[in-house]
**Student:** 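Attaching a single structure in structure tokens format; questions to follow.
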Amino acid sequence: MTFPLTDRLSVIGAAAFVSDVSESRRLESVRRDFVANVSHELKTPIGALGLLAETVLDGDVDDVTRQLAARMVREADRLGHTIDDLLDLTIIEAQETPVRESVALSALLAEASERMEESAEARDIPIRISSSAQGAAVVGDRRQLLSAVVNLVDNAVKYSEPGQPVELDTVTRRDGSVGIVVRDHGIGIPVGDRQRIFERFYRVDEARSRQTGGTGLGLAIVRHIAQVHGGDVEVESTEGEGSVFTLWFPGAQRRRLFEAS
Ligand code: ADP
């Protein structure tokens, strides 16, 4: 950072602040490698434990053993998802500058909805895409953007009751920013928890998250993806009425500044 030193009207010099961030960058990269390696190392044995428990479940066993084996299958599955999410988060964190391609939001929303179709149908939750979600586009990494929207839709489905629809839409602000909106009519989020839900492993209701197979990492991933694209994520919610999550991305002008930085 540099700035001029002035004596009333004339410039008499300049000051510059220089900070060496190489050590903190190095430590950050060691931390990321460590998480990635641990995640890889854990995935294989956890997968094997799940398969072994499934074998027990398929065998000729008494009820108690069956119940315990079924629980082991569920827990191994949940741990597998947590490891996948941890890996995703580490990969996204490592990729400071995401790929930049133009991503049409109508296609992105359609793909996210398709990915979630099966689990939404299983819970009798219709996913509706607004017809106004046409034409808008965001510049960024398609895979990451899709992962952010899928995470939001997954939550909207998980925290709604059967029959309550999930709605996907896009909005444009006057300054040109583009938003992807995921609205549900589910349980809502208490005011006191709203800022904390984006922290890793933070859950409003531990038991419900466990029951729905949540990892507590979904919204941390969503926020990180928004931020590496120069955007952010906002939430509005009313307990018992539902929640609206909006992923904001910069418009063309702010995007040029972000890309130049
Ligand atoms: P999880 O895997 O537990 O869903 P997330 O990071 O995705 O983790 O979300 C964190 C917490 O925020 C959840 O445990 C849940 O309590 C709350 N939450 C997220 N999305 C919604 C939503 N659409 N409606 C109600 N609560 C939500």
Side-chain angles (χ1 to χ4, degrees), residues 1 19 21-22 24-36 39 82 84-105 108-109 111-112 115 133 136-156 168-183 189 193-204 214-237 243-261:
M1 186 168 50
S19 59
V21 293
S22 34
S24 69
R25 286 260 163 100
R26 193 187 66 79
L27 286 176
E28 187 52 28
S29 128
V30 168
R31 186 188 71 84
R32 280 196 300 252
D33 286 352
F34 176 73
V35 177
S39 306
T82 306
D84 284 342
D85 277 1
L86 260 180
L87 262 178
D88 275 357
L89 194 55
T90 314
I91 290 167
I92 293 162
E93 279 178 346
Q95 207 183 348
E96 281 167 14
T97 319
V99 180
R100 287 183 178 132
E101 53 183 318
S102 179
V103 181
L105 296 192
L108 192 76
L109 296 189
E111 193 170 345
R115 283 243 191 131
V138 159
V139 171
D141 183 326
R142 217 179 154 282
R143 252 171 37 92
Q144 287 192 12
L145 294 171
L146 182 64
S147 156
V149 181
V150 166
N151 264 301
L152 290 179
V153 178
D154 182 33
N155 279 347
L168 311 184
D169 203 351
T170 60
V171 277
T172 308
R173 273 189 190 142
R174 247 192 246 150
D175 67 358
S177 328
V178 180
I180 299 175
V181 183
V182 179
R183 177 181 290 107
I189 303 160
D193 295 299
R194 259 171 239 166
Q195 287 314 311
R196 299 208 57 197
I197 52 174
F198 297 99
E199 294 170 15
R200 288 162 200 217
F201 298 114
Y202 187 84
R203 294 146 169 137
V204 176
T215 65
L217 288 169
L219 288 181
I221 293 177
V222 170
R223 183 166 67 174
H224 208 85
I225 292 176
Q227 286 174 346
V228 294
H229 284 81
D232 211 345
V233 54
E234 268 176 18
V235 58
E236 290 163 51
S237 187
S243 311
V244 184
F245 283 83
T246 310
L247 274 170
W248 285 108
F249 298 98
Q253 207 176 4
R254 266 187 56 216
R255 192 167 63 228
R256 274 195 287 278
L257 285 175
F258 166 64
E259 284 173 2
S261 67

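Treat the numbers as computed from the prediction; the structure is a model and nothing was measured.
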**Student:** Checking the side chain of D154 only, and the main-chain atoms of V150 only, is there a donor and an acceptor separated by less than 3.5 Å?
**Tutor:** no

**Student:** Any donor and acceptor pair, going by atom type alone, linking the side chain of S147 with main-chain N or O of R143 inside 3.5 Å?
**Tutor:** no

**Student:** Closest approach of A137 and S102, non-hydrogen atoms and distance?
**Tutor:** CB-OG, 3.8 Å

**Student:** Rounded to the nearest 0.5 Å, what separates atom CG in L219 from atom CG in L152?
**Tutor:** 6.5 Å

**Student:** Taking V149 as the fixed residue, which of L105, V222, I180 is the one that meets the side-chain contact (heavy atoms from CB on, under 4.5 Å) rule?
**Tutor:** I180

**Student:** CG/L217 to CZ/R203 distance, rounded to the nearest 0.5 angstrom?
**Tutor:** 7.5 Å

**Student:** Check whether any side-chain N or O of H229 sits under 3.5 Å from a backbone N or O of I225 as a donor-acceptor pair, and report yes or no.
**Tutor:** yes

**Student:** Working to the nearest 0.5 angstrom, can you tell me the gap between L145 CG and E101 CD?
**Tutor:** 8.5 Å

**Student:** Kindly give the heavy-atom pair with the smallest separation between L86 and T90, and that separation in Å.
**Tutor:** O-OG1, 2.6 Å

**Student:** Quick check: closest heavy atoms across F201 and T215, and the distance to 0.1 Å?
**Tutor:** CD2-O, 3.5 Å

**Student:** What heavy-atom pair brings A226 and L247 nearest, and what distance separates the two atoms?
**Tutor:** CB-CD2, 3.8 Å

**Student:** Sub-3.5 Å donor-acceptor pair from the side chain of R194 to the main-chain atoms of S237, do we have one?
**Tutor:** yes

**Student:** Working note: F245 + I197, criterion side-chain contact (heavy atoms from CB on, under 4.5 Å); need CA distance, chi angles, decisive distance, verdict.
**Tutor:** CA-CA 12 Å; F245 283 83; I197 52 174; 3.9 Å; yes

**Student:** Taking all non-hydrogen atoms of both residues, which atom of S177 and which atom of D175 are closest, and how far apart?
**Tutor:** OG-OD1, 2.5 Å

**Student:** Quick check: closest heavy atoms across R32 and E93, and the distance to 0.1 Å?
**Tutor:** NH1-O, 3.5 Å

**Student:** Any chance you could measure L89, atom CG, to D84, atom CG, to the nearest 0.5 Å?
**Tutor:** 12.5 Å

**Student:** Is D232 close to F198 at the side-chain level, that is, under 4.5 Å between some pair of heavy atoms?
**Tutor:** no

**Student:** With rounding to the nearest 0.5 Å, note down the distance linking CD1 in I92 to CZ in R223.
**Tutor:** 13.0 Å

**Student:** Checking the side chain of S29 only, and the main-chain atoms of R25 only, is there a donor and an acceptor separated by less than 3.5 Å?
**Tutor:** no

**Student:** Should we say atom CD of E234 is surrounded by more than 12 heavy atoms from elsewhere, each under 6.0 Å from it?
**Tutor:** yes

**Student:** Would you compute the distance between atom CD1 of I221 and atom CG of D85 and round it to the nearest 0.5 angstrom?
**Tutor:** 4.0 Å

